[in-house]
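So you know, we letter chains A, B, ... as the sequences are listed, proteins then strands, and number each from 1.
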Amino acid sequence: MEKKISGFIHKPRIPMIRENIGILIGLALMCIFLSFFSDAFLTTRNLFNIMRQISVNVFLSCCMTMVILIGGIDLSVGSIIAVSGCLCAGLITNNGLSTVAAIIVAVFCGTLVGAFNGAVICLTKIPPFIVTLAMMNVGRGFARIYTKATTILVNDPLFSAIGTANMPGGIPVHLIYMAVIIVISWVLLNKTRFGRHIYAVGNNEMAAKFAGINVRNVKFMVYLITGLFAACAGILSAARTFSGQFSVGEGTEMDAISAVVLGGTSMTGGIGRLSGTIIGCLVIGVLNNGLNLIGIDSSWQYVVKGFVVLLAVLIDYLKKRN
Amino acid sequence: MLLRMNDISKSFSGNKVLSNVHFEVAGGEVCALLGENGAGKSTLMKILSGIYTKDSGTIYIDEKPVQIPSVAAARALGISLIHQELMLMPYMTVAENIFMGRELTRFGLADRKTEEQKAQSLINDFNLDIPADAVLGELSIAQQQMVEIVRATSFGVKIIVMDEPTSSLCEQDVNVLFTLIRKLKKQGVGIIYISHRLSELEEITDRITILRDGEYIDTVITKETTRQELITKMVGRELTQYYTKSNSRTDETVLEVRHLSDGFRVKDVSFSVRRGEIVGFAGLIGAGRSETMNCLFGLTKLQKGELLYHGKAVSIDNPREAIRKGIGFVPEDRKNEGLFLDQGVRFNASITILERFIRCFRYQRSVELDAVDKMIRDLQIKVTGCEQTVRTLSGGNQQKVLISRWLLSCKDILILDEPTRGVDVKTKAEIYALIDNLAKKGLAILLVSSELPEIINMCDSIVVLSNGYTTGTLERDAVSQEKIMTLATARF
């Protein structure tokens, strides 16, 4: 599989399978294990369920990959989900906006939060952890205020269809949503100059500046994109439950970070691939789903999930040491 | 003999890095360890200081065989290694750094006062002008290095290994360091000195051991050898041409700088550069040479003065604009300011010309690979492939990768800030030939360097800066080290 170009032998960049082999084996083993312990696991119905369950995490993980690649972090994505979901629901139910209009406004507002994060992080030296942690609380608070601490129900057929429709064959429409967001993210990271710049900034910010890259712009855009993706996830989440709830999205930022880390992206930035993140989402999704099917207490699920992430990172660390 | 290393061999995953190497140092002597990058010097010293363990061979200290399984064991034997990158805490005080790991206590609580007193007396013993309660990060690199040496001696050291100690020092600080070394010699300490700077070896060392490709070549007495002999032994063949310099200066002025000031280190700098010319920038550290280059490249804002680019006044606000105008900049600190260490050669080389092969979601990999390949071949960069992680390359090859990035994108002016720092002799010669070739092709080259022989041999004219002011410009045929130093100290 070596290609000769202009006299030099080139090995192509490590193929996706070989780079993620560890986590793929883990995923396969988990599936085999679960199929033994639960008859319901390997059914099409359950597979479709898994697709629905991981859709929000896929949205968040894709943008979280970019954030972590530039050496930052965004803890506010869960709150952005709440903000955009509640806003959309409220606009449809209380203000009579059409679904499409409400979605546009809500996504815009969510993106604005992301832009705000980006602006503060770029213009001040405050660490992203602190800024997004603060916004996480602010966003959650605003959602709570907006919904007056109650649930806003939505009674709109288009809205429900967005969240629960199936394609022919029973395949949930979420598969298309995920496919689109994955393709967009992958193209952004691998086929644009912007993507290259993300890797450069994450690897060595000073060197990126010396190479003529507008570091501030790159960082700002990444947080803005994160706001955008999270807002879309928020719409999806609200559509699935036909409602706007201020508590939605709590803990989703942790799942997103876990998926990114499981997928092999380094927390210090500059190294990592989207393919790993997607497999990480699958691992977490199958884990959540499987543990439910077996009947394990939801409290224990937290413990298992935490250990799985720790194990994966440990293995990666040991591999890199050699 | 204070130290004798006999028949030392070491392999890493089947790759033999050292084969039957000998090395000895007597107490009160400075012995240099010389060799190209990859010759095995660092590995040998890491074995001595307990970071690696040898595969075979014996080490004798005071003629008694010893085992060195760990850094602590080495420290206990009186061996201390001063790294190229300082291993100190920038946010703690000098005294805290000196006593790191063996803090002084009084009734169980940290005794800062006694620490500072003891630290200060140690510092004063060496006639250094460093306050013990100063925060380390606020001192200059040279002073930080002195602190590291004081720390080592305070442990009751017998053997000190100095790895490229002068790479960040200017002429004055080098003299302070050498005075310190002579003091240590009088105390009977054995000093192992690793450096590529042959002029320094001539000045401070008593003997020189040469390694090549992991093998012991020879040990010579410094006074009895010549530079040419050393180079031949290092490289294994006659390196007849070290410097390459042709006359390619034209009359066309490409850049003119008038009374530049950045409000800080650069106070009043003026010079001009012509097409095909290599202009050197000499001066002491802190003279403002790198800072001037930062202004030219758009990294710092100009407070006063003007830049005339091909006769027209311009303002360059950021590196992107500089690059667009055809200016390239190889910075001084390649690890922190230039390279993306965890990425491959291809990524590092092509980062400034992305628009040539990535447009609107279309990525033409073959165009990128062609460009990078050409660079690898033209510059003879030793890599296993264009994806090799840059961190794993030797200093000389890393520098070549960085230079190739700018060769791909710069068309007019190339700024080189200490381009041969930490680079072995053979690669240095290759870089000199490259610089000369670029000048012949019509580039204007600005060469900042602290190595006077390098500047004198490679430049058509030399601009000397002193304390932020241009104090003079010397032409190639009328330059000497004394004249440069006179101008460099003129503004104090």
Side-chain angles (χ1 to χ4, degrees), chain A residues 1-15 18-19 69-71 183-218 264-273 316 320-322, chain B residues 13 294 297-299 318-324 327-331 333-344 346-348 350-363 365-374 376-377 383-390 402 405-406 409:
Chain A
M1 273 241 277
E2 295 177 346
K3 198 166 169 214
K4 222 171 183 207
I5 297 178
S6 64
F8 215 120
I9 307 269
H10 280 287
K11 296 203 177 85
R13 278 172 59 202
I14 308 171
R18 203 179 333 145
E19 176 161 308
L69 272 177
I70 57 161
V183 166
I184 292 179
S185 306
W186 190 82
V187 166
L188 213 57
L189 275 175
N190 293 304
K191 294 269 190 230
T192 63
R193 272 175 267 162
F194 177 64
R196 215 39 104 84
H197 289 176
I198 290 180
Y199 279 98
V201 169
N203 207 271
N204 186 339
E205 222 177 283
M206 274 241 85
K209 187 168 164 210
F210 273 71
I213 295 174
N214 191 336
V215 173
R216 224 185 241 190
N217 256 22
V218 172
T265 302
S266 164
M267 285 305 280
T268 46
I271 314 178
R273 300 235 249 149
D316 194 55
K320 287 212 174 91
R321 246 186 15 157
N322 294 334
Chain B
S13 334
N294 284 355
F297 198 60
L299 287 160
N318 54 55
R320 257 163 305 124
E321 281 187 30
I323 294 174
R324 234 176 279 146
I327 305 177
F329 187 11
V330 180
D333 186 354
R334 62 173 168 267
K335 287 216 172 96
N336 288 322
E337 295 171 346
L339 294 170
F340 302 104
L341 290 172
D342 293 310
Q343 295 288 350
R346 176 183 54 88
F347 184 103
N348 273 277
S350 67
I351 193 73
T352 42
I353 54 160
L354 292 180
E355 68 280 352
R356 282 192 214 165
F357 51 85
I358 303 185
R359 270 206 203 152
C360 264
F361 310 123
R362 202 178 119 85
Y363 167 34
R365 192 172 157 82
S366 53
V367 174
E368 183 185 16
L369 290 175
D370 277 344
V372 174
D373 280 349
K374 184 167 187 305
I376 295 179
R377 269 176 294 133
V383 286
T384 56
C386 72
E387 295 299 333
Q388 183 173 353
T389 311
V390 161
L402 198 49
R405 171 194 300 176
W406 295 110
S409 72

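Here the closest non-hydrogen pair linking A:G212 and B:R320 is O-CG, 2.5 Å. Smallest separation of non-hydrogen atoms from B:Q343 and A:G270: NE2-O, 2.9 Å. In terms of heavy atoms, B:N336 sits closest to A:M206 at O-CB, 3.2 Å.
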Apply side chain to side chain contact (heavy atoms under 4.5 Å, CB included) to A:I213 and B:I351, showing your working. CA-CA 9 Å; A:I213 295 174; B:I351 193 73; 4.0 Å; yes
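Chain B forms the most heavy-atom pairs under 4.5 Å with one residue out of A:V187, A:T192, A:N214, and that residue is A:N214. Interface check for chain A: of the options B:E337, B:R324, B:E321, B:R405, the most heavy-atom pairs under 4.5 Å are formed by B:E337. Among B:T352, B:L299, B:L341, the residue with the largest count of heavy-atom pairs under 4.5 Å with chain A is B:L299.
Rounding to the nearest 0.5 angstrom, the gap separating the CG atom in A:L188 from the CZ atom in B:F361 is 7.0 Å.
Residue B:R334 does not touch chain A at all, counting heavy-atom pairs closer than 4.5 Å. Interface residue B:S350: only side-chain heavy atoms are found under 4.5 Å from chain A. Only the side chain of B:I323 has a heavy atom closer than 4.5 Å to any heavy atom of chain A.
For the pair B:E355 (side chain) and A:R193 (backbone), a donor-acceptor distance under 3.5 Å is absent.
Below 30°, between 30° and 60°, or above 60°: for B:F329 and A:F210 the angle between ring planes is between 30° and 60°, a tilted geometry.
Scanning for side-chain contact (heavy atoms from CB on, under 4.5 Å) contacts around A:A207 gives A:N204, B:F340, with sequence neighbours left out.
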